[in-house]
Amino acid sequence: MPSTSLIALLGLFTLSSSQVITDPGVSGPPLELIHLYYDEWPTGITVSRSGRMFSNYPPGLDVNNTNTGSNKKYTVAELTSNSTEKPYPNLEWNSPPGGAINYTTTPPTGANYQTHLIGVQSVVLDPLDRLWILDTGRALTPEGVLVPSSPGGPKLVCVNITTDTVTQTILFPPTVAYPVSYLNDVRFDLRRNLSGTSGKGVAYITDSSGEGRNGIIIVDLGTGESWRHLDSHPSVHPEPGFVPFVWGTPVYYIPSPGAPVIYMPLGSDGIAISADGEDLYWGSVAGRRLYSIPTERLRDKSQNSELLAQGSVKDHGERGVSDGFETDTSGHIYTGNIENGGINSYDPKTGMVSIFVRDPRINWVDTMSVSSDGYLYFTTNQLFLLPSAYPGTDRRQRPFALFRVKLPNHGSRVCLVD
Ligand SMILES: *[C@@H]1O[C@H](CO)[C@@H](O)[C@H](O)[C@H]1NC(C)=O
Ligand SMILES: *[C@@H]1O[C@H](CO)[C@@H](O)[C@H](O)[C@H]1NC(C)=O
Ligand SMILES: *[C@@H]1O[C@H](CO)[C@@H](O)[C@H](O)[C@H]1NC(C)=O
Ligand SMILES: *[C@@H]1O[C@H](CO)[C@@H](O)[C@H](O)[C@H]1NC(C)=O
Ligand SMILES: *[C@@H]1O[C@H](CO)[C@@H](O)[C@H](O)[C@H]1NC(C)=O
């Protein structure tokens with residue numbers, strides 16, 4: 001009889017938890033803590049070639065980010081030390097007179113200012129290191145109700161970060177940014193020879209609207225013209241009955257205080273351009289699948305372009321649950337893996353997803369940004385503990401965090417420009 005069996009038979013084992021295999025919860029490169037957010041609640045992060053960092057703070061998701069006119073709330077800031085932030089490009093742009101909400105309309109609406117920021121959900125530096133600010137034009141009232149936008153509010157604002165001045169503003173008409181659209185995230189391709197464009201580059205934007213009007217928006221940066229594709233296609237919609245689990249917590253949604261609990265309603269959100277610019281990847285927050293489409297099909301706005309676009313959507317299987325996406329020069333598509341405290345990486349060459357990094361400090365990976373010196377920066381903002389998540393109380397604990405990790409194989413920022 002083998003001796004361990006004999007020991008077991010005689011009852012000589014003492015119980016100790018160290019004998020039981022345990023999930024290490026940590027893998028991949030080590031996290032470096034870069035910034036702690038003690039003031040407003042952040043989503044986006046973008047890192048310039050010289051290492052300057054910019055974040056945004058959406059009033060569409062946290063009532064305490066809403067500018068009421070009498071407070072000094074900002075919706076975009078530059079990170080000025082490892083724990084301080086300064087309104088960007090200046091306080092004026094962040095201070096809509098009378099606040100972000102227009103109470104003279106019934107119901108209240110987002111203010112219509114073209115030269116002030118209302119509710120910014122994303123900030124992204126393009127391949128020329130210009131900062132683009134994506135304004136949803138929407139904000140929460142103090143009662144927690146998300147107001148629809150008014151024309152003038154939803155816009156893409158370009159800032160020269162050398163002079164810290166606004167150089168271009170692209171307004172979205174209400175036929176492109178619907179009043180209940182939520183312009184979520186944006187990616188840029190500045191190559192001159194792109195089919196169907198003026199030659200000054202294009203932007204691709206996700207509409208993650210919790211009210212169901214999801215789709216992909218395309219913008220010609222030269223003419224300022226914008227249009228939509230894949231409206232209400234299953235690939236941009238939340239998956240019915242979707243319940244993600246973060247840090248052991250099932251996440252149900254409460255669209256406004258006192259409203260009945262619903263399943264996660266957030267559609268197409270994370271977005272990434274392939275390293276060669278030929279494919280656009282996206283996914284819903286309320287969904288596990290990774291989709292892509294040839295970017296040429298999105299730029300096409302001819303009579304049959306929507307049919308051709310719908311016919312060109314590729315389903316790459318499950319990616320994990322995530323919010324923002326990012327790409328690097330190795331061609332990987334990074335997506336959060338918020339159910340496993342980590343970040344995943346999809347390799348188009350193998351068609352497979354793998355875990356890039358895991359760490360118990362990682363909760364809700366909101367936005368990722370690859371820097372020119374080869375790091376993946378990402379914010380973790382406890383989004384699943386907002387009052388908009390069941391049971392409806394604010395369970396977040398300050399500070400929110402910005403980390404970075406070194407990319408594998410000398411991966412770096414993708415710059416689509418000639
Ligand atoms: C907003 O700020 C007030 C005052 O500091 C605080 O009492 C409240 O809990 C905050 N609410 C949220 C949702 O952060
Ligand atoms: C932030 O900066 C302060 C002062 O330079 C330093 O003491 C602290 O360790 C830094 N914290 C982090 C998280 O880097
Ligand atoms: C508020 O709404 C009224 C009525 O539509 C409009 O005339 C006014 O310009 C709006 N003001 C702002 C700041 O949005
Ligand atoms: C920003 O402004 C500076 C100074 O006018 C100019 O030299 C630079 O080319 C501008 N940057 C971009 C990306 O246009
Ligand atoms: C644009 O030019 C790049 C390189 O100059 C080339 O790789 C790409 O195929 C061209 N794209 C189109 C749409 O012509």
Side-chain angles (χ1 to χ4, degrees), residues 37-44 54-78 85-123 133-155 157 172 177 179-185 208-211 253-259 265-266 323 364 366-367 379 381-389 392-396 398-400:
Y37 299 87
Y38 286 93
D39 189 20
E40 293 186 45
W41 178 78
T43 57
F54 304 89
S55 280
N56 68 280
Y57 312 81
L61 295 175
D62 183 339
V63 296
N64 281 352
N65 286 355
T66 299
N67 194 310
T68 61
S70 58
N71 56 20
K72 293 279 183 220
K73 299 297 178 180
Y74 46 88
T75 187
V76 176
E78 178 168 6
E85 298 127 50
K86 181 170 171 260
Y88 194 82
N90 51 49
L91 191 58
E92 177 66 15
W93 267 89
N94 282 274
S95 308
I101 296 176
N102 187 348
Y103 287 99
T104 71
T105 61
T106 311
T109 46
N112 60 12
Y113 297 115
Q114 302 180 10
T115 55
H116 296 280
L117 302 171
I118 308 302
V120 174
Q121 184 60 31
S122 186
V123 284
I133 297 174
L134 184 62
D135 193 345
T136 62
R138 305 185 70 184
L140 292 169
T141 65
E143 295 74 39
V145 176
L146 182 59
V147 301
S149 68
S150 305
K155 55 189 171 291
V157 176
F172 297 102
V180 295
S181 283
Y182 200 81
L183 307 180
N184 195 295
D185 208 350
S208 67
S209 175
E211 289 99 326
Y253 206 76
I254 301 181
S256 60
L266 307 176
D323 195 321
W364 189 282
D366 195 293
T367 300
T379 53
N381 66 9
Q382 307 168 41
L383 184 145
F384 68 112
L385 302 174
L386 278 169
S388 53
T393 51
D394 188 11
R395 288 150 296 144
R396 295 168 299 166
R398 280 174 166 71
F400 312 108

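Computed from a predicted structure; not experimentally measured.
Shown here are the side-chain hydrogen bond (donor to acceptor under 3.5 Å, both in side chains) partners of Thr367, two or more places apart in sequence or in another chain: there are none. In this view, Tyr113 and His116 satisfy the ring-ring contact (aromatic ring centres under 6.0 Å, His included) rule, not counting sequence neighbours. Here Asp323 pairs with nothing under the salt bridge (Lys or Arg N to Asp or Glu O under 4.0 Å) rule; sequence neighbours left out. For the side chain to side chain contact (heavy atoms under 4.5 Å, CB included) test, residues two or more places apart in sequence or in another chain that qualify with Asn71 are Asn67, Thr68, Lys73. Contacts of Tyr57 classified as ring-ring contact (aromatic ring centres under 6.0 Å, His included), with partners at least two apart in sequence or in another chain: Tyr74. Every residue meeting the salt bridge (Lys or Arg N to Asp or Glu O under 4.0 Å) condition with Glu78, not counting sequence neighbours, appears here in chain and number order: Arg52. Considering only residues two or more places apart in sequence or on other chains, Glu92 meets the salt bridge (Lys or Arg N to Asp or Glu O under 4.0 Å) condition with none of them. In this view, Asp394 and Arg396 satisfy the side-chain hydrogen bond (donor to acceptor under 3.5 Å, both in side chains) rule, not counting sequence neighbours. Partners of Phe172 by ring-ring contact (aromatic ring centres under 6.0 Å, His included), not counting sequence neighbours: none found. Listed by chain and residue number, Val63, Thr66, Leu146 satisfy the side chain to side chain contact (heavy atoms under 4.5 Å, CB included) test with Leu140 (two or more places apart in sequence, or in another chain). In terms of the side-chain hydrogen bond (donor to acceptor under 3.5 Å, both in side chains) criterion, residue partners of Thr141 (sequence neighbours excluded) are, by chain and number, Glu143. Considering only residues two or more places apart in sequence or on other chains, Asn381 meets the side-chain hydrogen bond (donor to acceptor under 3.5 Å, both in side chains) condition with Asp366.
For Thr379 (side chain) and Thr43 (main-chain N/O), a donor-acceptor pair under 3.5 Å exists by modelled atom type. Checking side-chain atoms of Ser209 against main-chain N and O of Glu211 turns up a donor-acceptor pair under 3.5 Å.
Contact between Ser150 and Gly110 at its shortest, heavy atoms only, is OG-O, 2.8 Å. Across all non-hydrogen atoms, the minimal contact from Pro257 to Gly144 is CD-O, 3.5 Å.
The one candidate from Val180, Ile118, Leu61 that meets the side-chain contact (heavy atoms from CB on, under 4.5 Å) condition with Arg138 is Val180. Of the residues Thr105, Ile101, Thr106, the one that meets the side-chain contact (heavy atoms from CB on, under 4.5 Å) test with Tyr103 is Ile101.
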